[in-house]
Protein chains: 2
Amino acid sequence: MGEKLKTKDKILTVATEIFYNKGFNGARMQEIANLANVNKAALHYYFSSKQELFEVVLLNSFKNLFISFDKVVNSNMPIIEKIDVIIEKYLDFIKTNTQNIKFILNEIENNLAFIQKNMETNSMKVKFFDEIFEELHLEMEKGTIKKINPNHLLINIISMCIFPFIAKPLIMEITQFSQEEIQHFFDEQENFIKKFVHNALQQKRE
Amino acid sequence: MGEKLKTKDKILTVATEIFYNKGFNGARMQEIANLANVNKAALHYYFSSKQELFEVVLLNSFKNLFISFDKVVNSNMPIIEKIDVIIEKYLDFIKTNTQNIKFILNEIENNLAFIQKNMETNSMKVKFFDEIFEELHLEMEKGTIKKINPNHLLINIISMCIFPFIAKPLIMEITQFSQEEIQHFFDEQENFIKKFVHNALQQKRE
DNA sequence: TAATATTTTAACCATTTGGTTAAATCGATT
DNA sequence: AATCGATTTAACCAAATGGTTAAAATATTA
């Protein structure tokens, strides 16, 4: 017991790693089998085809994304602090899941139908966005923060949190940053984004 | 004359399209040959291998990126307006070159050595960053704009301009935006980013 | 322990894929 | 028109790849 799933789990773990790094087309069943210490036939015993194995990995990857973003905030702290928490959560997630996001961004277009089907059946809806939207609208009505489009606010926050990680190799190539410089950049990024957003949200003092 | 390069150009155009959409691993020489209306052997007549053809496409792709970003601004308009122009240029570029950027982001890691070698020999250095950095520092000294880290400012501007295009399919899946809603988002995005940045840069009135 | 179901293996197979070769065709120059 | 180099083609090839099969090994259960 418990041991039964060992091989299957091992295969899935290895497959995830390989698919994340090489994508569907770059992944080789043989390499997955080798790294999982099983025969290629064992792969097909647990997963009928490369496509099926891939889809399991893709779906897990998506679930992972949604779990992390769901219900980020539900306390009754001030809106500005809440946004700070959102920024922290996004940065936390991307730091340890860069490959996960890259993988999804790369593979989503070729698998839209599959994803849509399984998003529905697994009822992975994002209430998070709706909730924070509503709250932002409320606070704007109250005059706590400036009136800006919440869609833009949230998507641009996500952009600033995620893109530098996705584009790290390109950024390093273009800027010729040293390892220390890029490290310093990422260390400072959280505070920069927070201030950036505060400036956009805070009412000017009258 | 001029006709001589026709076939080679046709191959390159088609190869670019295929490599952009499917990456190195997903691209098939046969498909490139078919779309270019030539035999597969003709491909190898002009490009010795898939790798070589790929590298030509990759290098062109990189040059394209650098040409677009080089010398964005050199007039003597106020710094804030200059930043606006930069935002416009980035958005213009990404609108028509989404696949180009995605391709580079995906393939850069596996081809770092090649890119570095050819960046040097082709002396594709980006003076743009240095110049605008210097100017930002100057204006901060003068007190025209707030003192913030130019690295962060520029990279975050780029993030906001580029990421939504890269992540459009994912955003649509998560937000369940309709076609009109997403269109509206992209239409408004330019002004949003500009205001966002202005707020971050403008000195509070005393 | 014998019987049964689960898991793993080695040896194959068909197809795809990048690449080659030698001959044929086309184009310009003389 | 004859010549010579550039271009294109058809027919192949070896290696890689996803997948299959039947038998062996390992657990599980009666």
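Lettering follows sequence order; numbering is per chain, from 1.
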Mark up nucleotides 8-20 of chain C, 5' to 3', with B wherever a protein heavy atom is under 4.0 angstrom from a base atom, S wherever such an atom reaches only the sugar-phosphate, and - elsewhere.
-> BBB------SBBB
Value rounded to 0.5 Å, distance of CD1 in A:Ile18 from CG in A:Leu35 |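 A:Ile18 CD1 to A:Leu35 CG: 5.0 Å, rounded to 0.5 Å.
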Holding to side-chain contact (heavy atoms from CB on, under 4.5 Å), I want the full list of residues that pass it with [X], two or more places apart in sequence or in another chain.
X	answer
A:Glu109	B:Lys102, B:Pro169
B:His44	B:Met29
A:Val56	A:Leu12, A:Phe47, A:Asn60
B:Met140	B:Leu136, B:Ile145, B:Lys147, B:Ile148, B:Pro150

Return the value, rounded to whole Å, for the distance between atom [atom1] of [X] and atom [atom2] of [N].
X	N	atom1	atom2	value
B:Ile11	D:dT7	CD1	P	11 Å
A:Asp9	C:dT7	CG	C1'	15 Å
B:Asn34	D:dT9	CG	C1'	14 Å

End-to-end bend of the helix from C:dT1-D:dA30 to C:dT30-D:dA1 (five-pair axes, 10° rounding)?
->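 Its terminal axes enclose an angle near 10°.
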Geometric cation-pi criterion, A:Lys95 with A:Phe165: 6.0 Å, 45° |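 No - A:Lys95 does not lie over the ring of A:Phe165 by the 6.0 Å and 45° rule.
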Does the ring center of B:Phe54 lie less than 6.0 Å from the ring center of B:Phe103?
->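 So the answer is yes for these two rings.
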Intermediate values then yes/no, side chain to side chain donor-acceptor pair (under 3.5 Å), B:Asn156 and A:Gln189 = CA-CA 9 Å; B:Asn156 283 304; A:Gln189 177 74 339; 2.8 Å; yes
